[in-house]
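Below you'll find the structure, written out as structure tokens, and then a few comments.
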Amino acid sequence: MLKLSLGGGRLNLGEISEAVREAEATAAARAPGGIMVPGSGIPEPGPCYDAGAELLVLFSSRWALGLEVAMSGNTKKGQVGWIDTENASVRHAAEVRYTVVPIRLNLRYFPGRSRKLQAYVLAGVGLYPGRLNLTQKNLTLSTTEERQVFFIAQGRGTALGLHAGVGASLRLTRRLRFFVDVIGQTARIGSLKGNGIIHDLTTGLGDSGRGEFWFVVSESGGRIGKSVVIASKQPTDATILEAKKLEMDLSGWTLRAGIMIRL
């Protein structure tokens, strides 16, 4: 049987979500006491779309083995601003774009005997190649200067994962069935590799890096901040309190619906 599906769900993303939130807070700290400008806001990056195809081989009325290739991901972007401060105004924007292409091996069990409506449970293992594009922009206005800084990074990595789920299919014709299922998965990319650049449009200065993504906790001006840094080795600096490899947590769930075609 050939199984085609569309759906959506939510991935954890873990430290990626935390880094996006922290950049927003860091921008706000540059204009203390400012009034936030209502706008699109920086959205939570976790919700995702999902599409997939699976080839199923039925060994009996109770058991089936499937090989599935899917694509999950989304693009989330927005901006916020702080104004009406005594000395400065700040506007911050961010965009998170991620794509995951799971390749899963699924074992299905059909507990019922009805040919019209069939419930099933499934479990298996998968390979999860993932890609992340992260863009952050800061515009600072003060009585003495205007400064605009961009941070752009692209990274990728792969993880092994486990998944399980439940579903049901309804027979429409002799060769066609409609199904709905929900899948939960646990997978974590322990290290992203790629490149990034920081560019100051005001001064024309920039710095680029290639290597692994690091999640850095640092202290500056009495404030602790978190950021993403791309470097070939663990960053070390007098202001850095902690630096660890950025993880891309792909654990989450997906709700899907589609058709199953008997070949």
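We use all heavy atoms of the structure for the numbers below, so side chains are in, but hydrogens, waters and symmetry mates are not.
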- Message: Apply side chain to side chain donor-acceptor pair (under 3.5 Å) to residues Asp200 and Gln148 and explain how you reach the verdict.
- Response: CA-CA 6 Å; Asp200 190 326; Gln148 191 167 191; over 6 Å; no

- Task: Quick one: do Arg104 and Gln185 satisfy side chain to side chain donor-acceptor pair (under 3.5 Å)? Show the steps, please.
- Result: CA-CA 11 Å; Arg104 301 187 183 103; Gln185 68 190 38; 2.9 Å; yes

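Residues Glu95 and Arg97 are paired through a salt bridge, judged by an N-O separation under 4.0 Å between the basic side chain and the carboxylate. A salt bridge is defined here as a Lys NZ or Arg NE, NH1 or NH2 lying under 4.0 Å from an Asp or Glu carboxylate O, and Glu15 with Lys244 meets this definition. We find that Arg10 and Asp50 are not joined by a salt bridge, their nearest charged nitrogen and carboxylate oxygen being 4.0 Å or further apart.
By the 4.5 Å heavy-atom criterion applied to side chains, Leu107 and Trp63 are counted as neighbours. Within the 4.5 Å cutoff, no side-chain heavy atoms of Leu67 are placed close to those of Leu56. For the pair Leu127/Thr158, a side-chain contact is recorded, criterion being any heavy-atom separation below 4.5 Å from C-beta on.
Taking the centre and axis of the six-membered ring of Tyr120, the NZ or CZ atom of Arg108 falls inside the cone set by 45° and 6.0 Å.
A distance-only check finds no donor-acceptor pair linking the side chain of Trp214 to the backbone of Val228 [under 3.5 Å]. Judged purely by atom type and a 3.5 angstrom limit, Ser251 uses its side chain to pair as donor or acceptor with the backbone of Ala187. No donor-acceptor pair closer than 3.5 Å links the side chain of Lys137 to the backbone N or O of Ala93.
Considering Leu105, Asn106, Thr186, Val125 in turn, Asn106 is the only one that fulfils the side-chain contact (heavy atoms from CB on, under 4.5 Å) rule with His163.
Among residues two or more places apart in sequence or in another chain, the side-chain hydrogen bond (donor to acceptor under 3.5 Å, both in side chains) test is passed with Glu18 by Lys226.
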